Visitor: 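Handing you this structure, nothing more for now.
By convention here, the first residue in the shown sequence is residue 1. All values derive from a computational prediction rather than experimental measurement.
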Amino acid sequence: MTHGERRMNDGRTLVARWAAVAAYVALIFVLSSQPSLSLPGTFELRDKIAHVCEYGALGLLVWRAAAVTWPTAPPLKRAVLAAIAVAAVGAADERFQATVPGRFSDLYDWIADATGAVLAQGIGMALERRRGGV
């Protein structure tokens, strides 16, 4: 593979990874716009676990996109910036939900979102360390 081909492939990877982030954020907001959306089951903390998982997945997508965007940046710096960005999306989502009939905004949901974002960054850093890079 020539240098030019490698650069074009890196560009496609970068676009594909950020497109996945954008699509996932759009899905989050589509789900948040659904009135009275609830999770099945009776487990009391199922909602918080769902938030951790939902934003953990977003955090991993952002980790992967950031790793291609800033490959030479220190992993901890990328992780902190990614966690802040994902937590900000969570805050925006909670704010948005306050405007949807049948939905409400909850500080504890946002804390679960931020927790998922931070956990995802820890996983991303561990995977990068294990592989010796992304």
Visitor: Taking all heavy atoms of A87 and all of A117, pick out the closest pair and write down the distance.
Guide: N-CB, 4.4 Å
Visitor: Using every non-hydrogen atom in the two residues, find where Y55 and I28 come nearest and quote the distance to one decimal.
Guide: OH-CG2, 3.3 Å
Visitor: With a 4.5 Å cut-off on side-chain heavy atoms, are E54 and Y24 touching?
Guide: yes
Visitor: Is it true that V86 and V25 fall in one hydrophobic cluster, defined by side-chain heavy atoms closer than 4.5 Å?
Guide: yes
Visitor: For K48 and D109, work out which heavy atoms get closest and say how close.
Guide: NZ-OD1, 2.6 Å
Visitor: Which residues satisfy the side-chain contact (heavy atoms from CB on, under 4.5 Å) test with V15, sequence neighbours excluded?
Guide: none
Visitor: Say you draw a straight line from CD of E94 to CG of D113; how long is it, rounded to the nearest 0.5 Å?
Guide: 5.5 Å
Visitor: Output the distance between atom OG1 (T69) and atom CZ (R17), rounded to the nearest 0.5 Å.
Guide: 9.0 Å
Visitor: If you look at every heavy atom in S32 and V100, which pair is closest and at what distance?
Guide: O-CG2, 3.7 Å
Visitor: Any ring-ring contact (aromatic ring centres under 6.0 Å, His included) pairs touching residues 70-129, not counting sequence neighbours?
Guide: F29-F96
Visitor: Working to the nearest 0.5 Å, report the span between CG of L58 and SG of C53.
Guide: 13.0 Å
Visitor: Applying the 4.5 Å side-chain criterion to the ILVMFWY set and letting contacts propagate, would W18 and V68 be lumped into a single cluster?
Guide: yes
Visitor: Quick check for you: to the nearest 0.5 Å, what is the distance between Q97 atom CD and T99 atom OG1?
Guide: 9.0 Å
Visitor: Test your reading of the model: is there a side-chain donor-acceptor pair from R103 to the backbone of Q34, 3.5 Å cut-off?
Guide: yes
Visitor: Is I111 reachable from I84 through a run of I, L, V, M, F, W or Y residues, each pair having side-chain heavy atoms under 4.5 Å apart?
Guide: no
Visitor: Tell me every residue that passes side-chain contact (heavy atoms from CB on, under 4.5 Å) with A79, counting only those two or more places apart in sequence or in another chain.
Guide: W63, Q121, M125
Visitor: If the threshold is 4.0 Å, N to carboxylate O, is there a salt bridge linking R78 and E128?
Guide: yes
Visitor: Does I123 have any side-chain contact (heavy atoms from CB on, under 4.5 Å) partners at least two apart in sequence or in another chain, and if so, which?
Guide: L60, L127
Visitor: If the condition is salt bridge (Lys or Arg N to Asp or Glu O under 4.0 Å), which residues does D93 pass it with, not counting sequence neighbours?
Guide: none
Visitor: What residues join V52 in its hydrophobic cluster, counting side-chain heavy atom gaps under 4.5 Å, either direct or through other members?
Guide: L119
